[in-house]
**Q** 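Dropping a structure here in structure tokens format, bear with me for questions.
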Amino acid sequence: MAEIELKTAPADFRFPTTNQTRHCFARYIEYHRCVNDKGDETADCEKFAKYYRSLCPGEWVEKWNEQRENGTFAGPL
């Protein structure tokens with residue numbers, strides 16, 4: 001049986017405190033900017049997807065995805 005290796009986003013010195021809310025949001029934005037620039041299936045963007053998925057609560061991501069679809073997302077994409 002293969003061993004599962006769990007990883008999270010690496011330390012980001014822009015976010016030195018334990019509250020990772022801004023870190024989560026920044027990674028979400030970075031992922032979607034990358035997808036907009038390079039396309040959906042780009043391996044370069046996959047690291048940002050892993051980062052925001054490991055940092056952000058699922059409810060936030062669902063809400064942000066809905067807002068992006070509706071054109072009401074407040075972030076800079």
Side-chain angles (χ1 to χ4, degrees):
M1 181 176 213
E3 225 178 279
I4 298 174
E5 184 179 347
L6 299 177
K7 290 186 177 182
T8 189
D12 190 329
F13 297 105
R14 295 176 293 176
F15 310 101
T17 63
T18 56
N19 183 343
Q20 295 295 307
T21 302
R22 281 187 266 164
H23 191 182
C24 154
F25 188 72
R27 294 300 188 175
Y28 182 84
I29 296 293
E30 287 170 342
Y31 169 71
H32 287 286
R33 281 184 179 165
C34 183
V35 167
N36 288 342
D37 292 344
K38 298 182 180 183
D40 255 348
E41 301 297 322
T42 306
D44 294 342
C45 301
E46 198 55 38
K47 68 179 178 183
F48 295 121
K50 288 179 185 176
Y51 297 164
Y52 90 75
R53 289 177 186 145
S54 71
L55 291 166
C56 301
E59 295 83 18
W60 293 5
V61 173
E62 288 174 18
K63 183 178 178 182
W64 293 337
N65 287 340
E66 256 181 55
Q67 291 173 345
R68 280 187 321 97
E69 290 171 8
N70 296 331
T72 59
F73 184 70
L77 296 176

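Source: prediction; values computed, not measured.
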**Q** Which heavy atom of Cys45 sits nearest to which heavy atom of Gly39, and what is that distance?
**A**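 In terms of heavy atoms, the two residues are closest at SG-O, 4.4 Å.
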**Q** Please tabulate, for side-chain N and O atoms in residues 57-65, each donor-acceptor pair with protein atoms closer than 3.5 Å (sequence neighbours left out).
**A**
{"residue": "Asn65", "atom": "OD1", "partner": "Tyr28", "partner atom": "OH", "Å": "2.6"}
{"residue": "Asn65", "atom": "OD1", "partner": "Arg68", "partner atom": "NH2", "Å": "3.3"}
{"residue": "Asn65", "atom": "ND2", "partner": "Val61", "partner atom": "O", "Å": "3.3"}

**Q** State which residues pass side-chain contact (heavy atoms from CB on, under 4.5 Å) with Glu30; sequence neighbours excluded, sorted by chain then number.
**A**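 For Glu30, the residues satisfying side-chain contact (heavy atoms from CB on, under 4.5 Å) (neighbours in sequence not counted) are Arg14, Arg27, Phe48.
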**Q** Sequence neighbours left out, what passes side-chain hydrogen bond (donor to acceptor under 3.5 Å, both in side chains) with Lys38? Give chain and number order.
**A**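 Result, side-chain hydrogen bond (donor to acceptor under 3.5 Å, both in side chains) vs Lys38: Asp44.
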**Q** Which value, rounded to the nearest 0.5 Å, describes the distance between Lys50 atom NZ and Arg53 atom CZ?
**A**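 Interatomic distance, Lys50 NZ to Arg53 CZ, rounded to 0.5 Å: 9.5 Å.
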**Q** Nearest 0.5 angstrom please: Glu46 CD to Tyr31 OH, how far?
**A**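 Rounded to the nearest 0.5 Å, the CD-OH separation comes out at 6.5 Å.
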